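What you see below is based on every heavy atom in this structure, not just the backbone, and it leaves out hydrogens, waters and symmetry mates. The model shown is predicted, which means the values in this text are computed figures rather than measured ones.
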Amino acid sequence: MFRKLDHIAIVVRDTDEALKFYRDTLGLPLVLSEEIPTGNVRLTHLDMGNLHLQLVEPLTDDHPLQAHLEKHGEGLHHLCFETDNVAKTLQSLPNRGLRAKSETPHDGPRGRKAGFIDADTTRGVVWEMTAD
């Protein structure tokens with residue numbers, strides 16, 4: 001089902017402020033920063049060697065991640081695995097006792113597709129899958 005860990009996502013209020021820590025203090029090289037209009041988020045990837053650290057900034061006041069930020073503050077949001085085909089993996093989840101958050105993959109950075117597994121079926125951990 002999964003090939004490898006693709007990225008670790010950290011939800012942030014302001015990407016530029018967060019970069020002062022993750023890029024400038026920790027020295028993680030910036031790979032890309034892209035606004036995803038269909039998701040109303042800014043996704044910024046930093047190179048951690050064998051995977052990326054993704055900073056996720058919601059761009060609208062009504063984005064669901066705003067409520068997450070209010071409740072939990074900035075920090076770890078999800079782990080993302082690379083898979084061969086997101087749509088097929090989402091369809092196969094019920095066979096493993098899992099449920100997709102949405103059966104339709106969403107847009108990710110660099111034209112990639114992604115999908116979340118409902119955390120109610122993953123012992124409370126938010127898991128995402130992505131593929132080229």
Side-chain angles (χ1 to χ4, degrees):
M1 184 159 84
F2 302 130
R3 288 194 297 198
K4 66 177 184 173
L5 189 59
D6 183 78
H7 66 266
I8 298 168
I10 307 290
V11 64
V12 299
R13 288 185 174 84
D14 182 304
T15 299
D16 294 325
E17 281 299 313
L19 283 172
K20 291 177 184 176
F21 175 71
Y22 293 104
R23 181 195 57 208
D24 301 344
T25 301
L26 295 183
L28 298 176
L30 179 66
V31 176
L32 69 98
S33 189
E34 180 178 348
E35 289 187 15
I36 309 296
T38 57
N40 291 315
V41 293
R42 179 177 174 188
L43 303 177
T44 301
H45 282 241
L46 297 134
D47 188 358
M48 295 182 71
N50 57 345
L51 62 110
H52 285 179
L53 181 71
Q54 180 188 68
L55 305 179
V56 182
E57 176 189 355
L59 297 176
T60 59
D61 290 337
D62 62 344
H63 194 285
L65 285 177
Q66 291 291 1
H68 179 88
L69 281 165
E70 291 303 314
K71 185 174 181 179
H72 304 286
E74 293 188 331
L76 179 65
H77 184 261
H78 67 268
L79 302 174
C80 182
F81 284 99
E82 187 177 293
T83 187
D84 290 326
N85 183 301
V86 174
K88 286 183 182 178
T89 303
L90 290 172
Q91 291 172 356
S92 75
L93 292 177
N95 298 336
R96 296 175 178 267
L98 302 169
R99 184 174 56 247
K101 189 116 172 145
S102 170
E103 293 185 19
T104 305
H106 59 268
D107 294 332
R110 300 173 299 189
R112 298 173 92 191
K113 292 295 182 184
F116 284 99
I117 302 174
D118 190 326
D120 289 341
T121 64
T122 60
R123 302 179 59 87
V125 178
V126 180
W127 296 98
E128 183 183 34
M129 298 155 296
T130 191
D132 292 327

Rounding to 0.5 Å, atoms OG1 (T38) and CG (D107) come to a distance of 3.5 Å
Show the nearest heavy-atom pair for residues L28 and D47, with the distance to one decimal.
CD2-O, 3.6 Å
Count the heavy atoms belonging to other residues, nucleotides or ligands that lie under 6.0 Å from CD of E103, then report whether that count exceeds 12.
no
Above 12 or not: heavy atoms from other molecules or residues under 6.0 Å from CG of N95?
yes
Shortest non-hydrogen contact from R99 to T121?
N-OG1, 3.3 Å
Any salt bridge linking D118 with K101? Criterion: basic side-chain nitrogen under 4.0 Å from a carboxylate oxygen.
no
Is there a side-chain contact between V41 and H63, using heavy atoms and a 4.5 Å cut-off?
yes
Is R110 atom CZ crowded by more than 12 heavy atoms from other residues, nucleotides or ligands, each under 6.0 Å away?
yes
Is I8 linked to M129 within one hydrophobic cluster, defined over Ile, Leu, Val, Met, Phe, Trp and Tyr using a side-chain heavy-atom separation of less than 4.5 Å?
yes
What is the distance from atom OG1 of T89 to atom CZ of F2, rounded to the nearest 0.5 Å?
7.5 Å
Check the angle between the aromatic planes of H77 and F116 and answer parallel, tilted or perpendicular using the 30° and 60° thresholds.
perpendicular
Closest heavy-atom pair, T130 versus C80, reported as atoms and distance to 0.1 Å, is CG2-SG, 3.6 Å
To the nearest 0.5 angstrom, please state how far the CG atom of N85 sits from the NZ atom of K113.
11.5 Å
For G73 and V11 the tightest heavy-atom approach is O-CG1, 4.1 Å
For L90 and A100, the nearest pair of non-hydrogen atoms, with its separation, is CD2-CB, 3.7 Å
Please examine the side chains of V125 and W127, heavy atoms only from C-beta on, and report whether any two atoms are closer than 4.5 Å.
yes
Output, in order, the C-alpha distance, side-chain angles, deciding distance and verdict of side-chain contact (heavy atoms from CB on, under 4.5 Å) for D16 and R42.
CA-CA 11 Å; D16 294 325; R42 179 177 174 188; 3.4 Å; yes
Side chains of H7 and E128: is there a donor and an acceptor less than 3.5 Å apart?
yes
Rounded at 0.5 Å granularity, tell me how far CD in Q66 sits from CG in L59.
9.0 Å
Within one Ile-Leu-Val-Met-Phe-Trp-Tyr cluster: L51 and L76, side-chain cutoff 4.5 Å
yes
Got a salt bridge between D14 and K20, using NZ or NE/NH1/NH2 to carboxylate O under 4.0 Å?
no
Check the pair D6 / R112 against side-chain contact (heavy atoms from CB on, under 4.5 Å), numbers first and verdict last.
CA-CA 12 Å; D6 183 78; R112 298 173 92 191; 3.3 Å; yes
The reported gap from CG in L43 to CD1 in I36 (rounded to nearest 0.5 angstrom) is 5.0 Å
Quick one: do V12 and E17 satisfy side-chain contact (heavy atoms from CB on, under 4.5 Å)? Show the steps, please.
CA-CA 9 Å; V12 299; E17 281 299 313; over 6 Å; no
Would you say E57 and L55 make side-chain contact, with heavy atoms under 4.5 Å?
no
Please check if M48 and F21 belong to a single hydrophobic cluster, counting links between Ile, Leu, Val, Met, Phe, Trp and Tyr side chain heavy atoms closer than 4.5 Å.
yes
Do V86 and L79 land in one hydrophobic cluster if side-chain heavy atoms of ILVMFWY residues count as linked below 4.5 Å?
yes
side-chain contact (heavy atoms from CB on, under 4.5 Å) between T44 and Y22: does it pass, once the steps are laid out?
CA-CA 11 Å; T44 301; Y22 293 104; over 6 Å; no
Just how far is it from atom CD of E74 to atom CG of L69, taken to the nearest 0.5 Å?
6.5 Å
Which heavy atom of L98 sits nearest a heavy atom of M1, and at what distance?
CD1-CE, 4.2 Å
When you compare the side chain of L46 with that of L19, does any pair of heavy atoms fall below 4.5 Å?
yes
Please tell me if the side chains of E35 and T15 come closer than 4.5 Å, counting only heavy atoms from C-beta onward.
no
